[in-house]
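Taking it in order: structure first as structure tokens, then the write-up.
In what follows, every chain begins at residue 1, and chains take the letters A, B, ... in the order their sequences are listed. Quick caveat: nothing in here was measured; it's all calculated off a predicted structure. We use all heavy atoms of the structure for the numbers below, so side chains are in, but hydrogens, waters and symmetry mates are not.
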Number of protein chains: 2
Amino acid sequence: MSEKRLEQMIGKLKNKGYRITPQRLAVLNILAESTEHPDVEKIYIQVKKNFPTTSMATVYKTIVVMKEIGEVIEIAFSDGSSRYDGNKPYPHPHLICTKCKNILDPDLDSLKNMTEELVNETGFMIQSHRLDFFGICPECQKKMNLEK
Amino acid sequence: MSEKRLEQMIGKLKNKGYRITPQRLAVLNILAESTEHPDVEKIYIQVKKNFPTTSMATVYKTIVVMKEIGEVIEIAFSDGSSRYDGNKPYPHPHLICTKCKNILDPDLDSLKNMTEELVNETGFMIQSHRLDFFGICPECQKKMNLEK
DNA sequence: CTGCATGCAAATAGTTTGCATGACG
DNA sequence: CGTCATGCAAACTATTTGCATGCAG
């Protein structure tokens, strides 16, 4: 499944004339496999396990390339941090726990209707969107109750 | 109308024990009046017109305070830039033109339903959200057609 | 082989902080 | 008057860039 995803990413890279290096592959692997929307730090740590010489710069450069060719999306937060998603590199809703920082991808079909409504009302040509919900996940709610 | 908004902001500041300085007032004025979601730069330029000695640091510090007391929201984008809204300092949808960078506040009542749906499905306790649509506004669409 | 990718270090940009001075309450 | 805010400059942090070397194609 995410095996396929990795193939897709590699294919697109080759198509665009980029080279497939071991470091890039390692970064792609994490971006393709991970459904947890990792940040740069996390990717870097992971990549170093297999490729100890890898530099932060390479991780950043790889992400820039992947964003450019539309195979990775960035989710930037107001605190300056960013998380990345190469598993579903298209706009989709996020459900973010402000306690444990986990990010889920809920299904929200009604979003399509909302977009259509917006087009009709405003005349905008919609290109993409961003929908994040912030809250406390059930697990963290339990923990908070126990602490009291 | 936004006169009232300014009063609100001032009141909250006083309540929390913060002082009302001319520089803060100037920043608050812009944040309260403006429906265009200005960035720090824009606020700074405006404030300098009336208070030439004002520093960037003061603008930043004022924004930090206003965010803390919930009277201003920040909209951070993936390119690192941020825009601020003191006119409607609560979560609401944005409609952003990627050409001219204008930001509108559309009405989308169905968002409430969406949130309820989410709570039922996931058990999350929702605290806030962020909903941005990116596209081309009607004016920019016209310009693009003329250029062809 | 040729040129793009790597990785180190230096540069950058936006934001934050420390501190002496000034002014709100 | 005491304390907090200002404004300058320095510090900081995350990201980007330049360049010599390495390696993919």
What is the distance from CG of A:L25 to C1' of D:dA24, rounded to the nearest Å? 12 Å

Between C:dT6 atom C1' and A:I20 atom CD1, what is the distance in whole Å? 15 Å

Regarding the side chain of B:R19, the nearest nucleotide among C:dG14, C:dG7, C:dG25 is C:dG25

Rounded to the nearest Å, what distance is computed from the OH atom of residue B:Y18 to the C1' atom of nucleotide C:dA23? 19 Å

Among C:dC4, C:dT16, D:dT3, the one nearest B:V64 by side-chain distance: C:dT16

Phosphate OP1/OP2 of C:dG7 contacted by A:T58 side-chain N/O (<4.0 Å): yes

What integer distance in Å separates B:F51:CZ from C:dA23:C1'? 12 Å

Identify, between B:Q23 and B:S82, the residue whose nearest nucleotide on DNA chain C lies closer to the 5' end. B:S82

Classify the side-chain pair B:Q23/B:T54 by whether it contains a donor and acceptor separated by less than 3.5 Å. no

Over all strands shown, is B:S81 touching base, sugar-phosphate only, or nothing at heavy-atom distances under 4.0 angstrom? nothing

Hey, is the side chain of A:R24 poking within less than 4.0 Å of OP1 or OP2 on C:dA5, counting only N and O atoms? yes

Using modelled atom types only, decide if a donor and an acceptor are shared between the side chain of B:R24 and the backbone of B:R19 within a distance under 3.5 Å. yes

Look only at the side chain of B:K16 and the backbone of B:I69, and say whether a donor-acceptor pair between them is shorter than 3.5 Å. no

Rounded off to whole Å, could you give me the NZ-to-C1' distance for the B:K48 and D:dT6 pair? 13 Å

If the cut-off is 4.0 Å, is B:S55 near the phosphate of D:dC8, judged by side-chain N/O to OP1 or OP2? no

Minimum-distance nucleotide (side-chain atoms of A:A57 versus D:dT17, C:dT15, D:dC8): D:dT17

Heavy atoms only, 4.0 Å cut-off, all strands: where does B:P22 land among base, sugar-phosphate and nothing? sugar-phosphate

A:N15 CG to D:dG25 C1', in whole Å, measures 15 Å

Between D:dT16 atom C1' and B:D79 atom CG, what is the distance in whole Å? 14 Å

Between CE of B:M56 and P of D:dA10 the distance, given in whole Å, is 18 Å

Closest nucleotide of DNA chain C for B:K61 versus for B:T21: which of these residues is on the 5' side? B:K61

B:E71 and B:R5 ion-paired at < 4.0 Å: yes

Under the side chain to side chain contact (heavy atoms under 4.5 Å, CB included) test against A:T35, which residue among A:N87, A:D85, A:D105, A:L104 passes? A:N87

